[in-house]
Q: 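Before I ask anything, here is the structure I am working with.
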Amino acid sequence: MAAFAEAQQWVRQNPDKAAEINTRWISGVDAETMALALKNIPLDSRISAHTAAMYQEKTLPFLVGLGRVEKVFDPSDSIDTSFLKAAQESNPKAFSDLEPIPEDIQVK
C-alpha cells in the first residue's frame, strides 16, 4: 500500500510524464487523451465512509448482474483498513498533497 500510495502521488504530481509513460504500454491512446483520462481517475487510495456506500450502490449491483454475488449487502464489515493505516503511518509524505478526509466520514 505504501508503494501504491507513492506511485499515485507521483502521477498526481507528474500527470504529463505519467501520460507519456502510459502510452508506451497502452496502444492506440495518445498522450493528450491519456493526460485527460488521468485527470479523471481518483488517485487516492484512502478509505472513507463513502467507500462502503459506493461499493453498495455501484460495485455490488454490478457484481450481482454478473452473477458473482447473490445480492447486495452492506460491505462495511468486510473492509480491512489496516494495510492502508499502516501505509499512512509509515509514509505520511505519500499522502501529504491530499486534502484531509473530513472527520465525519473518516473510518476509525
Side-chain angles (χ1 to χ4, degrees):
M1 285 301 305
F4 193 68
E6 285 180 29
Q8 286 182 321
Q9 184 182 56
W10 186 88
V11 173
R12 287 191 304 268
Q13 294 174 350
N14 301 280
D16 292 332
K17 289 180 186 176
E20 191 272 321
I21 291 168
N22 281 346
T23 61
R24 295 182 207 159
W25 302 101
I26 302 172
S27 60
V29 180
D30 60 79
E32 182 181 357
T33 302
M34 184 60 70
L36 286 171
L38 287 175
K39 289 178 184 178
N40 292 295
I41 296 173
L43 297 165
D44 181 355
S45 58
R46 297 176 303 166
I47 295 173
S48 74
H50 294 304
T51 304
M54 287 297 102
Y55 286 162
Q56 195 167 13
E57 184 180 320
K58 303 281 185 188
T59 305
L60 288 167
F62 176 73
L63 292 173
V64 167
L66 293 176
R68 303 289 187 190
V69 295
E70 291 182 23
K71 62 181 179 176
V72 174
F73 59 93
D74 181 356
S76 298
D77 293 337
S78 303
I79 298 172
D80 180 359
T81 61
S82 62
F83 295 106
L84 181 58
K85 286 179 182 179
Q88 288 176 296
E89 289 171 7
S90 69
N91 192 0
K93 184 180 175 193
F95 302 89
S96 64
D97 62 321
L98 296 170
E99 293 291 325
I101 294 176
E103 184 75 30
D104 63 324
I105 62 167
Q106 288 181 7
V107 175
K108 308 289 183 199

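For the numbers below, each heavy atom of this structure counts, side chains included, while hydrogens, waters and symmetry mates do not.
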Q: What distance do Asp44 atom CG and Glu99 atom CD have between them, rounded to the nearest 0.5 Å?
A: 10.5 Å
Q: Do you know which two heavy atoms are closest between Pro42 and Gln8, and how far apart they sit?
A: O-NE2, 4.4 Å
Q: Are Trp10 and Leu43 connected, step by step, through hydrophobic side chains (Ile, Leu, Val, Met, Phe, Trp, Tyr) whose heavy atoms are closer than 4.5 Å?
A: yes
Q: Rounded to the nearest 0.5 Å, what separation is found between the OG1 atom of Thr23 and the CE atom of Met34?
A: 7.0 Å
Q: Determine whether Lys39 and Pro15 make a side-chain contact, defined as any pair of heavy atoms from C-beta on separated by less than 4.5 Å.
A: no
Q: How far does CE of Met54 sit from OG of Ser48, to the nearest 0.5 angstrom?
A: 9.5 Å
Q: Test Val107 against every option in Thr51, Ile47, Ile101 by the side chain to side chain contact (heavy atoms under 4.5 Å, CB included) rule and name the one that passes.
A: Ile47
Q: From Glu70 CD over to Leu60 CG, what is the distance, rounded to the nearest 0.5 angstrom?
A: 12.5 Å
Q: Please round to the nearest 0.5 Å and tell me the distance separating atom CD1 of Ile21 and atom CD1 of Ile26.
A: 11.5 Å
Q: Please report the shortest heavy-atom distance between Ser76 and Ala52, naming the atom on each side.
A: OG-CB, 3.6 Å
Q: Hydrophobic cluster membership, with links at side-chain heavy-atom distances under 4.5 Å among I/L/V/M/F/W/Y: are Tyr55 and Leu66 in one?
A: no
Q: Tell me whether Phe73 at atom CZ has more than 12 heavy atoms from other residues, nucleotides or ligands lying less than 6.0 Å away.
A: yes
Q: Check whether Phe4 and Ile79 end up in the same hydrophobic cluster, where Ile, Leu, Val, Met, Phe, Trp and Tyr are linked by side-chain heavy atoms less than 4.5 Å apart.
A: no
Q: Compare all side-chain heavy atoms of Gln9 with those of Ser96 and state whether any distance is below 4.5 angstrom.
A: yes
Q: Output the distance between atom NE2 (His50) and atom CD (Glu57), rounded to the nearest 0.5 Å.
A: 11.0 Å
Q: Tell me, do Val64 and Val72 make a side-chain contact under 4.5 Å, heavy atoms counted?
A: yes
Q: Find out whether Phe95 and Leu84 are in side-chain contact, i.e. whether some heavy atom of one side chain is under 4.5 Å from a heavy atom of the other.
A: yes
Q: Closest heavy-atom contact between Pro61 and Gln56?
A: CD-O, 3.3 Å
Q: Does CD belonging to Gln13 count more than 12 external heavy atoms closer than 6.0 Å?
A: yes
Q: Please report the closest heavy-atom contact between Ala35 and Ala19, naming both atoms and the distance.
A: N-CB, 3.5 Å
